Amino acid sequence: MTEAPVRVAICANSRAYAAGLRHFLETDRELEVVTVASSGEQLLGELARVRPELITMDLELPGIDSVEAIRRIMATAPTPIVVISTRTAESADGLVSAALDEGALEALRKGEVRLDRRLSPRATALRRHLTGLVRGTPGDASAPNGGAPRLPRRSVATIVGIAASAGGPAALGEVLGELPADFGLPVLVVQHISEGFADNLAGWLDSAIALPVRLARDGETPGPGVLIAPDNAHLLLEASGRLRLDRATDHGRHRPSADALLTSMAQAAGRGVVAVVLSGMGRDGAAGIAAVRAAGGVALTERSEHARLPSMPLAAAQEGATPLERPEIGRILAALSPSAVR
């Protein structure tokens with residue numbers, strides 16, 4: 001059965017450019033433009049009706065600015081967003097960096113999108129890349145390691161860190177559901193979730209899996225079981241082995257931040273860390289994966305083509321995390337527990 005084309009929304013202040021971009025994208029049958037908006041307000045009003053799977057957005061828009069539009073989209077209907085602009089990340093006004101901080105996946109310069117050369121190999125590759133942001137590259141070929149994960153000896157693994165965003169609770173349940181009640185390693189979790197719901201997530205997981213689950217506490221030393229970052233607090237592992245809850249520091253657009261957790265774990269536990277990135281929008285966790293790998297730890301991610309939202313797994317794979325099925329991730333974790341060594 002042929003897969004339905006990826007539904008694309010274009011938001012651009014120039015009707016001529018939007019028409020050219022539509023023609024450029026729809027040259028590939030795997031992309032279908034479902035709406036063209038000339039402002040952020042118009043796009044926001046169209047989202048519920050057209051349900052795009054990918055949004056391209058100009059940075060220069062009338063009405064609310066593009067950064068605010070991205071912020072509202074990511075808060076109400078998280079969707080992969082690609083900025084197409086004349087600006088670069090180094091531009092003095094900082095708009096590109098701000099757009100990426102608010103959740104845009106990446107920024108392309110308009111010069112890279114040659115509307116007059118829509119049949120060129122470069123244009124074909126760009127359209128394939130855009131499709132892959134939604135569907136994931138088959139087999140996650142973008143992952144540099146590509147093969148079996150480089151696993152630590154059981155005696156080396158000391159702690160597990162898991163990051164997830166939209167689509168994460170179900171993924172967490174599936175991965176953690178593979179772990180036995182006597183799983184011997186601490187599991188630290190950052191899940192992006194609306195304020196006030198972290199406690200509910202912990203309660204649901206505690207009733208759904210064999211391991212005990214609760215919110216992390218400042219200053220505690222983690223033991224076996226699952227500890228979840230509470231609302232509006234970065235969960236950090238200190239060199240002393242204790243946990244710290246940081247409610248003051250900004251670290252990208254998320255608090256708790258997956259990058260903050262995984263980077264702190266890499267610094268504190270080195271090659272004893274096993275890091276996992278699950279479903280989510282944006283790139284939170286990618287820098288943390290890079291830090292874990294640099295420290296000699298293990299990095300895993302769910303296959304992006306099976307994730308509810310593929311961008312966090314794709315970004316993690318690009319930093320070297322090994323893509324695996326969720327149950328396989330759980331089984332690998334279970335085998336690393338000291339309790340599994342008998």
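The basis for the numbers below is simple: all heavy atoms, side chains too, and nothing from hydrogens, waters or symmetry mates. Model, not experiment: these values are computed from the prediction.
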TODO: Start with the C-alpha gap between His23 and Arg118, add the side-chain angles, then the distance that decides, and say whether side-chain hydrogen bond (donor to acceptor under 3.5 Å, both in side chains) holds.
DONE: CA-CA 8 Å; His23 192 41; Arg118 61 187 179 86; 3.2 Å; yes

Open item on the list: Between Ile73 and Leu47, is there a side-chain heavy-atom distance shorter than 4.5 Å?
Closed with: yes

- [ ] Evaluate the criterion side chain to side chain contact (heavy atoms under 4.5 Å, CB included) for residue pair Leu119 and Thr27; output intermediate values, then yes/no.
- [x] CA-CA 8 Å; Leu119 300 178; Thr27 298; 3.7 Å; yes

TODO: Find the distance between CG (Leu235) and CG (Leu261) and round it off to the nearest 0.5 Å.
DONE: 5.0 Å

Task: Hydrophobic cluster identity match, Val273 and Leu236, side-chain contacts under 4.5 Å - done: no

TODO: Applying side chain to side chain contact (heavy atoms under 4.5 Å, CB included), run through Ile228 and Leu201 and close with a yes or a no.
DONE: CA-CA 9 Å; Ile228 296 177; Leu201 172 65; 4.2 Å; yes

Open item on the list: Using a 3.5 Å distance criterion without hydrogens, assess whether the side chain of Thr263 forms a donor-acceptor pair with backbone atoms of Ala291.
Closed with: no

Task: Non-hydrogen side-chain atoms of Val187 and Leu227 separated by less than 4.5 Å - done: no

- [ ] In plain terms, say whether Glu46 and Arg49 are close enough for a salt bridge, that is, a side-chain N and a carboxylate O under 4.0 Å apart.
- [x] yes

Task: Minimum side-chain heavy-atom gap Ile64-Leu44 below 4.5 Å - done: yes

Open item on the list: Contact between Pro62 and Asn13 at the side-chain level, heavy atoms closer than 4.5 Å - yes or no?
Closed with: yes

Task: Leu333 and Leu179: CA distance, side-chain angles, deciding distance, side chain to side chain contact (heavy atoms under 4.5 Å, CB included) verdict - done: CA-CA 7 Å; Leu333 296 182; Leu179 304 184; 3.7 Å; yes

- [ ] Give a yes or no on whether Val34 and Val82 share a hydrophobic cluster (residues Ile, Leu, Val, Met, Phe, Trp, Tyr; joining criterion: side-chain heavy atoms under 4.5 Å apart).
- [x] no

Open item on the list: In this structure, would Met74 and Val50 fall into the same cluster of hydrophobic residues linked by side-chain contacts under 4.5 Å?
Closed with: no

Open item on the list: Side-chain heavy atoms nearer than 4.5 Å, only ILVMFWY residues, links allowed to pass through others: does that put Met57 and Leu59 together?
Closed with: yes

Open item on the list: Using salt bridge (Lys or Arg N to Asp or Glu O under 4.0 Å), reason through Glu53 and Arg7 one step at a time and then give a plain yes or no.
Closed with: CA-CA 5 Å; Glu53 298 169 279; Arg7 300 166 59 83; 5.1 Å; no

TODO: Side-chain contact test, heavy atoms from C-beta onward, threshold under 4.5 Å: evaluate it for Leu185 versus Ile159 and give yes or no.
DONE: no

TODO: Apply salt bridge (Lys or Arg N to Asp or Glu O under 4.0 Å) to the pair Glu319 and Arg283, showing each step before the final yes or no.
DONE: CA-CA 10 Å; Glu319 294 297 338; Arg283 293 186 58 85; 3.7 Å; yes

Open item on the list: Between Arg308 and Ser279, does the side-chain hydrogen bond (donor to acceptor under 3.5 Å, both in side chains) criterion hold? Intermediate values first, please.
Closed with: CA-CA 6 Å; Arg308 179 183 166 196; Ser279 172; over 6 Å; no

- [ ] Any chance you could lay out the side chain to side chain contact (heavy atoms under 4.5 Å, CB included) test for Glu302 and Leu324, step after step, and finish with the verdict?
- [x] CA-CA 5 Å; Glu302 73 170 301; Leu324 299 167; over 6 Å; no

Open item on the list: Using the rule given for salt bridge (Lys or Arg N to Asp or Glu O under 4.0 Å), can you reason through Lys110 versus Asp58, listing the C-alpha separation, both sets of side-chain angles and the distance that settles it, and then say yes or no?
Closed with: CA-CA 9 Å; Lys110 284 188 175 179; Asp58 199 326; 3.2 Å; yes

- [ ] Would you check if there is a donor-acceptor pair between the side chains of Asn232 and Arg247 at a distance under 3.5 Å?
- [x] no

TODO: Sequence neighbours left out, what passes salt bridge (Lys or Arg N to Asp or Glu O under 4.0 Å) with Arg22? Give chain and number order.
DONE: Glu26

Task: Leu243 side chain reached by Leu188 side chain, heavy atoms, under 4.5 Å - done: yes

